[in-house]
Amino acid sequence: MATMDHPDPGPGKLRPPRDSGTLTLKDLLDLIESALAALPDLPLEPAALRDALALERTRDPAHGDFATNVALRLAKPARRKPRDLATAIVAALPASDIIERTEVAGPGFINFHLSPHAYAGELARVLEEGPRYGAVPASGEPDRHEPTVVEFVSANPTGPLHVGHGRQAALGDALAALLQSQGHAVQREYYYNDAGVQIHNLALAVQARVRGLKPGDTGWPENAYAGEYIQELAADFMAGKKEHTQDGGEVRASADVDDLDGIRRFAVACLRNEQDLDLQKFGVKFDVYYLESSLYADGKVEATVNGLVASGKTFEQDGALWLRTTDYGDDKDRVVRKSDGTYTYFVPDVAYHVTKWERGFHRAINVQGTDHHGTVARVRAGLQALDMGIPAQYPDYVLHNMVKVMRGGEEVKISKRAGSYVTVRDLVDWVGRDAVRFFLVMRQPNSEFTFDVDLARSRSEENPVYYVQYAHARVSSVFRQLRDKGMTHAREVGARNLHRLTAPHERALLRRITQYPEVLTTAARLLEPHQLAHYLTELASEFHTYYNAHTFLVDDAELRSARLNLVTATRQVIANGLGILGVSAPETM
RNA sequence: GCGCCCGUAGCUCAGUUGGAUAGAGCAUCGGAUUUCUACUCCGAGGGUCGCAGGUUCGAAUCCUGCCGGGCGCACCA
């Protein structure tokens with residue numbers, strides 16, 4: 001599972017929401033529902049019938065386009081044999097021009113073979129809606145528009161972004177786009193830990209470097225950052241450089257060794273700017289940077305502590321204030337206020353999530369590394385203790401594993417302590433933004449990922465990004481050829497002649513294209529962008545197969561236009577899907 | 001030790017939240033090009049779904065136990 005404890009979709013969610021998916025999918029569901037309602041002797045409530053109704057894509061084309069197992073699910077409560085029930089349901093199906101034929105198969109499945117008419121309708125929709133195809137229109141079920149905040153990256157401004165942050169950036173941005181495609185109002189947010197110990201350690205490290213110390217020397221501060229970039233910061237600081245800040249101001253390095261506060265402000269401004277450059281290069285843009293320091297300034301931290309104390313769930317022990325988080329499923333109680341009077345980081349963390357809720361985001365998704373999964377129970381427990389009506393499973397988490405980088409058959413070590421590690425910028429420089437983006441979202445987040453730099457660089461079919469992008473470029477190439485040959489493509493002519501696309505390759509491609517809206521819905525519901533990446537490679541594969549087996553630019557103008565409609569739709573879906581993943585769709589390779 | 005996650009073809013991984021004969025790419029082997037880009041395509045072999053039980057019409061999928069690996073178990077963040 002890539003996600004933890006996201007809300008149970010509940011019974012009935014097996015059926016896709018009404019306002020998503022293809023038109024034909026919704027029509028089919030309606031037809032089956034009517035059939036069930038028409039069966040006289042089913043001793044079942046309508047709600048139970050709805051819950052049992054699931055429609056799924058068939059794996060084997062011989063089984064048609066869609067199949068349902070309602071008869072299998074209802075057989076027992078109805079006290080009837082599955083196949084008999086299935087036969088009765090089929091007999092009760094209203095006539096429809098989207099169904100070519102229906103059959104009862106296996107233990108009691110009902111298979112639906114769609115008519116060419118159904119496909120023609122869906123293909124027309126792709127061409128008509130263009131870049132919007134697959135996205136849910138802005139009028140549907142209210143819960144689908146629930147304002148959602150997606151928090152990701154949230155790296156401390158204490159060094160460059162490494163590959164793990166890259167995975168988070170790629171994942172978080174794709175997730176946000178996926179949710180937007182489903183009609184949610186999404187905010188991309190970056191939580192900035194600018195008030196903690198880490199920043200202090202950063203300042204100490206720069207100061208030590210300014211004094212000429214190196215990691216390991218006597219006098220080198222404990223927990224100070226060892227990276228090369230610290231030395232650069234120290235040099236810039238002593239050179240009296242100016243650095244602009246995010247709020248439009250400017251920080252000038254004082255070049256004063258004892259000016260620890262000045263060192264801190266200068267270093268943070270520099271590193272923050274570096275991170276922004278990385279993210280910009282990666283094509284990720286945040287709507288909001290939420291500063292930890294503002295939580296203190298606005299009294300949110302204090303208010304949270306007061307709220308926790310008021311809850312009666314706190315206690316004093318060994319001079320510290322504790323919260324009984326074990327009451328809410330945590331494995332041990334947590335310190336809120338240390339015996340030295342300062343708060344643990346857990347407090348601003350809870351305060352931050354309170355603001356998410358109070359800002360109207362009743363759905364929150366946090367993208368984090370699995371190494372931080374211990375915080376999940378804590379934050380939720382803190383929110384529960386406040387008793388603000390926040391659901392127990394708030395927020396959702398998408399946890400991702402670490403990334404190994406292989407280059408030239410060897411692992412490139414990632415070690416912040418050692419001071420050398422692969423940064424997002426390194427990767428983008430080596431293989432390009434598109435490859436980094438695609439690679440980092442093409443696998444399930446929750447397993448270790450090995451980034452093969454050589455594969456990502458290769459211009460061959462082995463490289464999945466290249467393979468998908470090439471399919472897109474290839475369609476564009478076909479249209480260049482069309483012009484060169486002085487041929488024409490008329491969409492209306494093509495639309496009228498879609499019945500001529502009868503080759504197995506064409507049927508397969510049609511099937512795949514029209515599946516796209518369902519893929520988006522599923523990927524968004526499960527918070528799994530890799531499903532989209534996987535789909536795109538399959539779509540590209542089917543396109544390449546088709547391309548190789550058939551010439552599109554034939555003399556027969558009707559067939560030609562029909563085929564060009566099909567490949568235009570293919571290109572559109574590839575472009576739309578890549579767009580959600582933050583990958584470009586080039587006209588030429 | 002406790003908690004969370006992972007274990008599917010030689011390798012990298014999918015598997016539509018319990019369905020039909022477990023799929024794809026790479027690698028291996030065998031084929032295809034006077035062609036809209038061979039930057040491609042077609043075919044073949046390859047499996048104890050970590051192991052053992054359980055749940056049921058039906059399990060890679062859900063439950064229990066074990067084996068192996070990752071991560072986490074601070075008055076650090």
Side-chain angles (χ1 to χ4, degrees), chain A residues 1-2 4 8-9 13-14 16 54 56-60 62-63 67 69 72-73 75-76 81-82 105-109 111 156 158 193 196-199 201 223 317-322 330-332 334-346 348-349 369-377 399 401-402 442-444 446-450 452 455 458-464 466-467 469-471 473-475 477-482 484-485 487 515 518-519 521-523 525-526 528 530-531 533-535 537-538 541 544-554 567 588-589:
Chain A
M1 286 289 285
M4 288 187 58
D8 187 329
K13 271 289 187 171
L14 284 175
E56 60 179 19
R57 288 277 175 178
T58 57
R59 190 171 292 171
D60 183 347
H63 297 147
N69 61 355
L72 289 164
R73 295 170 67 111
K76 182 171 275 187
K81 289 181 181 171
F109 293 104
N111 294 339
N156 291 338
T158 54
N193 291 93
V197 183
Q198 301 301 332
I199 300 292
N201 290 339
N223 300 324
Q317 186 181 304
D318 305 328
L321 181 70
W322 298 66
D330 200 1
D331 24 2
K332 54 181 71 171
R334 303 293 167 179
V335 170
V336 171
R337 189 175 54 230
K338 295 182 263 182
S339 53
D340 67 2
T342 62
Y343 299 123
T344 57
Y345 77 98
F346 156 69
D349 218 355
T370 52
D371 53 339
H372 286 96
H373 77 246
T375 64
V376 174
L399 301 179
N401 228 308
M402 294 301 125
M442 74 181 176
R443 299 273 184 254
Q444 280 196 72
N446 200 3
S447 54
E448 199 172 275
F449 178 65
T450 301
D452 185 337
L455 176 63
S458 79
R459 299 168 62 79
S460 75
E461 53 171 321
E462 299 163 34
N463 181 344
Y466 193 86
Y467 189 74
Q469 288 183 318
Y470 182 45
R474 218 168 195 183
V475 176
S477 170
V478 167
F479 277 95
R480 285 191 292 272
Q481 286 288 332
L482 178 82
D484 290 351
K485 293 188 174 183
M487 290 175 145
Q515 206 178 333
E518 293 156 44
V519 171
T521 303
T522 304
R525 178 166 51 86
L526 301 178
E528 293 183 353
H530 74 270
Q531 292 207 12
H534 193 249
Y535 165 82
T537 58
E538 284 176 335
S541 170
H544 286 308
T545 303
Y546 179 40
Y547 176 94
N548 203 254
H550 298 277
T551 302
F552 308 154
L553 302 181
V554 291
V567 299
T588 58
M589 298 301 284

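Chain naming here is simple, since letters A, B, ... match the order of the sequence lines and numbering starts at 1 in each. Keep in mind it's a predicted model, so treat the numbers as computed, not measured.
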Sugar-phosphate only, base, or nothing, as touched by A/D330 at under 4.0 Å among non-hydrogen atoms: nothing

Of the listed nucleotides B/A27, B/A20, B/C36, the one nearest the side chain of A/V478: B/C36

Among B/C75, B/A74, B/C36, the one nearest A/Q481 by side-chain distance: B/C36

Sugar-phosphate only, base, or nothing, as touched by A/L72 at under 4.0 Å among non-hydrogen atoms: base

Approximate separation, where rounding is to 0.5 Å, of A/Y470 OH and A/H544 NE2: 7.0 Å

A/F552 side-chain proximity, nearest of B/C36, B/G19, B/C76: B/C36

Sugar-phosphate, base or nothing in reach of A/Q531, heavy atoms under 4.0 Å: sugar-phosphate

Sugar-phosphate only, base, or nothing, as touched by A/Y467 at under 4.0 Å among non-hydrogen atoms: sugar-phosphate

Sugar-phosphate, base or nothing in reach of A/T370, heavy atoms under 4.0 Å: sugar-phosphate

Value in whole Å for how far the P atom of B/G7 lies from CG of A/N401: 11 Å

hbond_proxy A/S339 side chain to B/C75 base (donor-acceptor, 3.5 Å cutoff): yes

Sugar-phosphate only, base, or nothing, as touched by A/T545 at under 4.0 Å among non-hydrogen atoms: sugar-phosphate

Donor/acceptor link under 3.5 angstrom from A/N111 side chain onto base of B/A20: yes

Of the listed nucleotides B/U37, B/C75, B/A14, the one nearest the side chain of A/H530: B/A14

Closest nucleotide among B/U40, B/A77, B/U17 to the A/R474 side chain: B/U40

Protein-nucleotide distance (A/R443, atom CZ; B/C11, atom C1'), rounded to Å: 11 Å

Given B/C71, B/A77, B/C75, the nucleotide with the shortest approach to the side chain of A/Y345: B/A77

Flag for A/E518-A/Q515: side-chain donor and acceptor within less than 3.5 Å: no

From A/T545 atom OG1 to A/H550 atom NE2, the distance as rounded to the nearest 0.5 Å: 10.0 Å

Heavy-atom pair with the smallest gap, counting every atom of A/P107 and A/L72: O-CD2, 3.6 Å

Sugar-phosphate only, base, or nothing, as touched by A/A75 at under 4.0 Å among non-hydrogen atoms: nothing

Side-chain donor/acceptor contact of A/H373 with base of B/G3 under 3.5 Å: yes

Assigned partner base of B/G3, Watson-Crick or wobble definition, under 3.5 Å: B/C71

Touch class at under 4.0 angstrom, heavy-atom based, for A/A377 against every strand present: nothing

pi-stack flag for A/H534 and B/A14, centroid dist under 5.5 Å, interplanar under 30°: no

Residue mapping more 5' on RNA chain B - nearest nucleotide basis, A/K338 or A/H550: A/H550

Side-chain N,O (A/S477) to OP1/OP2 (B/U37) below 4.0 Å: yes

Separation of atom CD in A/E56 from atom C1' in B/U61, rounded to whole Å: 13 Å

B/G25 to B/A14 separation - C1' atoms, rounded to the nearest Å: 10 Å

Atom-pair distance (CG on A/N548; P on B/U40), nearest Å: 11 Å

Watson-Crick or G-U counterpart of B/G46, or none if no pair lies under 3.5 Å: none

Shortest side-chain distance from A/E462, nucleotide among B/A20, B/A27, B/A77: B/A27

Aromatic stack A/F109/B/A20: centroid gap under 5.5 Å, interplanar angle under 30°: yes

Sugar-phosphate, base or nothing in reach of A/N69, heavy atoms under 4.0 Å: base

Nearest listed nucleotide, side chain of A/Q444, among B/C13, B/G15, B/A20: B/G15

For the student: nearest non-hydrogen atoms of A/T375 and A/Y345, plus distance: CG2-OH, 3.7 Å

Protein-nucleotide distance (A/R73, atom CZ; B/G19, atom P), rounded to Å: 10 Å

Closest to side chain of A/N193, choosing from B/C36, B/A77, B/C71: B/A77

Base-pairing mate for B/G65 - Watson-Crick or G-U, with both contacts under 3.5 Å: B/C51

Separation of B/C36 C1' from A/M487 CE (nearest whole Å): 10 Å

Sugar-phosphate only, base, or nothing, as touched by A/D318 at under 4.0 Å among non-hydrogen atoms: base

Partner nucleotide of B/C26 by Watson-Crick or wobble geometry (both distances under 3.5 Å): B/G10

Taking every non-hydrogen atom, the tightest pair across A/N463 and A/S458: ND2-O, 2.9 Å

Between B/G72 (P) and A/N446 (CG): distance, integer Å: 14 Å

Value in whole Å for how far the C1' atom of B/G15 lies from CD of A/E518: 16 Å

Contact nearer the 5' end of RNA chain B, comparing A/H63 with A/F479: A/H63

Selected nucleotide, minimal atom distance to A/K332 side chain, candidates B/A20, B/C73, B/A77: B/C73

Enclosure of A/K338 NZ (heavy-atom neighbours >12, cutoff 6.0 Å): yes

Watson-Crick or G-U counterpart of B/C41, or none if no pair lies under 3.5 Å: B/G31

